[in-house]
Amino acid sequence: MKPSDRARLALASLLLASAPAMAADYVQAPGSTLVFASNYQGETFTGKFGGFTTTMSFDPAQLAASKLDVAIQLAGTQTGNKDRDDTLVSPDFFNVGKFAQARYTATRFRSLGGNQYAADGTLSLRGASKPVTLTFTWTPGAQPVLTGKATVKRLDFGIGGGDWADTSTIPNDVAISTKVVLKPRP
């Protein structure tokens with residue numbers, strides 16, 4: 001091998017070694033769900049948001065390069081009770097006239113062992129942004145699946161203030177669960 005070939009090979013090796021790690025890019029596929037659960041005066045109820053869109057870059061071997069972005073449409077939120085649904089989109093709760101969507105973003109990921117991970121991110125809702133951790137299971141494949149859960153403190157975001165702030169009527173903690181079917185970004 002000529003000295004100039006060795007120099008080119010060394011330079012190529014150095015460039016590859018110093019290139020930033022890249023996680024695989026995904027978009028949400030059909031079959032995904034995002035739901036919440038709470039209770040009102042002791043009665044448990046569940047609901048689903050009007051829609052959501054997920055983009056994700058993720059590789060369990062390259063967590064530092066991973067990121068998650070979820071846009072959540074608040075209009076059209078349904079719990080199976082028209083009065084409750086109307087209240088949820090009102091100014092006392094989501095205030096969809098002023099805040100049409102919520103957004104969850106995460107750029108810090110941790111391994112919890114096996115195929116369990118945590119995404120330490122930020123939820124922006126009703127003009128407030130607060131840290132929220134999503135714990136999830138990652139099932140790899142041609143269409144990987146993220147199955148996760150989080151707890152959101154509604155009063156941190158001004159959800160249900162005034163008369164609705166009484167946590168004996170509606171608890172502060174709201175359980176969020178999701179199953180996101182992903183496909184490679186085109």
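Every heavy atom of this structure was used, including side-chain atoms; hydrogens, water molecules and symmetry mates were not. One is the number of the first residue; the rest follow in order along the sequence.
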Joint hydrophobic cluster, Phe58 plus Val27, side-chain heavy atoms closer than 4.5 Å: no
Pairs where residues 34-52 contributes a residue and the test side chain to side chain donor-acceptor pair (under 3.5 Å) is met, not counting sequence neighbours: none
Any side-chain heavy-atom pair of Leu74 and Val89 under 4.5 Å: no
Closest contact, heavy atoms only, Pro144 versus Gly141: CD-O, 3.3 Å
Pairwise distance CG(Leu125) to CZ(Phe94) - rounded to 0.5 angstrom: 6.5 Å
Side-chain heavy-atom pair Leu68, Thr54 within 4.5 angstrom cut-off: yes
Pairwise side-chain contact, Tyr26 with Val180, heavy-atom cut-off 4.5 Å (strictly under): no
Single-linkage hydrophobic cluster, 4.5 Å side-chain cutoff, Met56 and Leu112 together: no
Sequence neighbours excluded - side chain to side chain donor-acceptor pair (under 3.5 Å) pairs with any residue from residues 123-146: Gln116-Thr137, Asp120-Thr133, Ser124-Ser129
Partner set under salt bridge (charged side-chain N to carboxylate O under 4.0 Å, His left out) for Lys153, not counting sequence neighbours: Asp173
With Ser57 via side chain to side chain contact (heavy atoms under 4.5 Å, CB included) - residues at least two apart: Ala23, Asp25, Lys67
side-chain hydrogen bond (donor to acceptor under 3.5 Å, both in side chains) partners of Thr79, counting only residues at least two apart: Arg84, Asp85
For Tyr104, ring pair (Phe, Tyr, Trp, His ring centres under 6.0 Å) partners two or more places apart: none
Residues which pass side chain to side chain contact (heavy atoms under 4.5 Å, CB included) with Gln101, listed by chain and number, not counting sequence neighbours: Ala71, Gln73, Arg103
Separation between OG1 of Thr33 and CZ of Phe49, rounded to the nearest 0.5 Å: 11.5 Å
All salt bridge (charged side-chain N to carboxylate O under 4.0 Å, His left out) counterparts of Asp86, not counting sequence neighbours: Lys82
Heavy-atom pair with the smallest gap, counting every atom of Ala37 and Val174: O-CG1, 3.6 Å
Cluster link Leu88 to Val35, ILVMFWY, side chain under 4.5 Å: no
Close side-chain approach of Leu63 and Tyr117, heavy atoms under 4.5 Å: yes
Atom pair CD1 (Ile72) and CD1 (Ile176), whose distance is rounded to the nearest 0.5 Å: 7.5 Å
Contact check, side chains of Thr77 and Val96, non-hydrogen atoms, under 4.5 Å: no
Sequence neighbours excluded - salt bridge (Lys or Arg N to Asp or Glu O under 4.0 Å) pairs with any residue from residues 177-186: none
Distance (rounded to the nearest 0.5 Å) between Leu146 CG and Ser32 OG: 9.5 Å
Distance-only donor-acceptor pairs under 3.5 Å for side chains of residues 165-172, two or more places apart:
| residue | atom | partner | partner atom | Å |
| --- | --- | --- | --- | --- |
| Asp166 | OD1 | Ser168 | N | 2.9 |
| Asp166 | OD1 | Ser168 | OG | 2.7 |
| Asp166 | OD2 | Ser168 | OG | 3.1 |
| Asp166 | OD2 | Thr169 | OG1 | 3.4 |
| Asn172 | OD1 | Arg154 | N | 3.3 |
| Asn172 | OD1 | Leu155 | N | 2.9 |

Heavy-atom check, side chain of Asn81 versus side chain of Phe45, under 4.5 Å: no
Hydrophobic cluster (4.5 angstrom, side-chain heavy atoms) - remaining members for Val145: Val181
Pair listing, salt bridge (Lys or Arg N to Asp or Glu O under 4.0 Å) test, anchored in residues 133-148, at least two apart: none
Path from Phe93 to Phe99 over hydrophobic side-chain contacts below 4.5 Å: no
